[in-house]
> 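Handing you a structure now.
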2 protein chains.
Amino acid sequence: MIEKVIASLSVPSRREILYLLRDGELTSTAIAEHFEISAPAISQHLKVLQHSGLVAVRKSGTKRYYRIRKEGFKDLKAFIDQFWDDSLIRLKEAAEEEERRNNEP
Amino acid sequence: MIEKVIASLSVPSRREILYLLRDGELTSTAIAEHFEISAPAISQHLKVLQHSGLVAVRKSGTKRYYRIRKEGFKDLKAFIDQFWDDSLIRLKEAAEEEERRNNEP
DNA sequence: TTTTAAATTAAGTTGACACTTAATTAAGTG
DNA sequence: CACTTAATTAAGTGTCAACTTAATTTAAAA
């Protein structure tokens with residue numbers, strides 16, 4: 001799923017949609033009002049965000065309320081943390097830095 | 001920079017390169033051996049990863065040793081954490097869930 | 001100084017995808 | 001039942017970037 005999650009986030013408009021949804025759920029139209037691009041474009045973005053698991057939707061009459069789906073970020077967070085706070089990396093880095101200092105005085 | 005970081009991560013080959021570099025620095029050729037795509041393609045990926053700040057390079061003779069640049073992940077991590085553990089979101093979610101239960105019995 | 005090795009730059013091709021407008025579905029409301 | 005509102009699906013277009021092969025740079029070895 002991380003594939004789809006990252007692809008979702010790679011488009012500025014979609015990140016902007018996520019920012020908007022941080023303050024609570026919004027309808028497709030309400031979201032579209034914040035953009036210059038067309039309503040269908042927003043709709044397409046929302047579909048991508050749903051398929052990647054980053055947003056969820058709730059229907060009520062003709063309206064559809066979109067909201068952040070927190071768990072959708074889980075895998076990506078884990079991916080990043082591998083590089084961010086993996087102690088193995090820190091050890092490797094330190095060892096190599098040490099070696100560099102020794103070999104190129 | 002988050003723009004470039006996410007773009008970097010959106011390509012499977014580049015994520016694979018990062019995985020390889022977790023175990024320590026590697027030359028361009030050593031990296032290329034793990035892939036089916038051409039050496040120039042790898043070189044281009046490495047350039048993208050450098051420009052996004054996710055990898056750094058060290059020259060020694062004709063060889064170039066690439067390594068993870070941990071700090072490069074910082075901004076993206078912060079971005080994700082906004083959605084992952086922002087207490088405001090949790091409160092909003094809880095409030096809305098509550099409201100949903102009340103309005104649609 | 002020729003040759004080899006390591007890696008890149010150059011140039012061109014192709015497929016994906018973020019848009020657009022137009023048409024369609026679905027659910028109220030007069 | 002028309003009409004409106006909310007949102008989507010359909011279909012087509014243009015751009016961009018991930019590849020390719022060929023050529024070039026740079027440093028070391030023979």
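As a basis for the values below, the full set of heavy atoms in this structure was taken, side chains included, without hydrogen atoms, waters or symmetry mates. Every chain is numbered from 1, with letters handed out A, B, ... down the list of sequences.
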> To the nearest Å, give me how far apart CZ (B:R58) and P (C:dA6) are.
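Computing the B:R58:CZ to C:dA6:P distance gives 16 Å.
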
> Going by the rule side-chain contact (heavy atoms from CB on, under 4.5 Å), which residues pair with B:A56 if we only count those two or more places apart in sequence or in a different chain?
B:R67, B:R69

> Could you pull out all residues at least two apart from B:A30 that satisfy side-chain contact (heavy atoms from CB on, under 4.5 Å)?
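B:A30 satisfies side-chain contact (heavy atoms from CB on, under 4.5 Å) with B:L26, B:T27 only.
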
> Who does C:dG30 pair with, Watson-Crick or G-U, both distances under 3.5 Å?
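Paired with D:dC1.
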
> What is the minimum heavy-atom distance between B:K70 and A:W84, and which atoms define it?
CE-O, 3.0 Å

> Take the protein atom CD1 of B:I42 and the nucleotide atom P of C:dA6, then report the distance between them rounded to whole Å.
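Taking CD1 of B:I42 and P of C:dA6, I get 16 Å after rounding.
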
> Considering only residues two or more places apart or on different chains, which pairs with a residue in residues 38-80 of chain A satisfy ring pair (Phe, Tyr, Trp, His ring centres under 6.0 Å)?
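Qualifying pairs, neighbours excluded: A:F73-B:F83, A:F79-A:F83, A:F79-B:Y19.
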
> Hey, does A:F35 reach any base, or is it just sugar-phosphate, or nothing, if we go heavy atoms under 4.0 Å?
nothing

> At less than 4.0 Å, is any side-chain N or O atom of A:Y66 found next to OP1 or OP2 of D:dT8? Yes or no.
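A:Y66 to D:dT8 OP1/OP2: side-chain N or O found under 4.0 Å.
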
> Can you tell me the distance, in whole Å, between the CD1 atom of A:I6 and the C1' atom of D:dA17?
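Going from A:I6 (CD1) to D:dA17 (C1'), I get 17 Å.
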
> Where along nucleotides 18-30 of chain D does protein come under 4.0 Å, by heavy atom, of base (B) or sugar-phosphate alone (S), with - for untouched nucleotides?
SBBBB----BS--

> Which pairs, with at least one residue in residues 10-21 of chain B and sequence neighbours excluded, count as a salt bridge (Lys or Arg N to Asp or Glu O under 4.0 Å)?
A:E3-B:R15

> Between D:dT9 atom C1' and A:L46 atom CG, what is the distance in whole Å?
14 Å

> With sequence neighbours excluded, what pairs up with B:A39 under the side-chain contact (heavy atoms from CB on, under 4.5 Å) test?
none

> Please give, in whole Å, the distance from C:dA6 P to B:I31 CD1?
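Value for this atom pair: 14 Å.
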
> Atom OH of B:Y65 and atom P of C:dA6: how far apart are they, to the nearest Å?
10 Å

> Taking atom P of D:dT8 as reference, at what distance in whole Å does atom CG of A:L49 sit?
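Checked: the CG to P distance equals 12 Å.
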
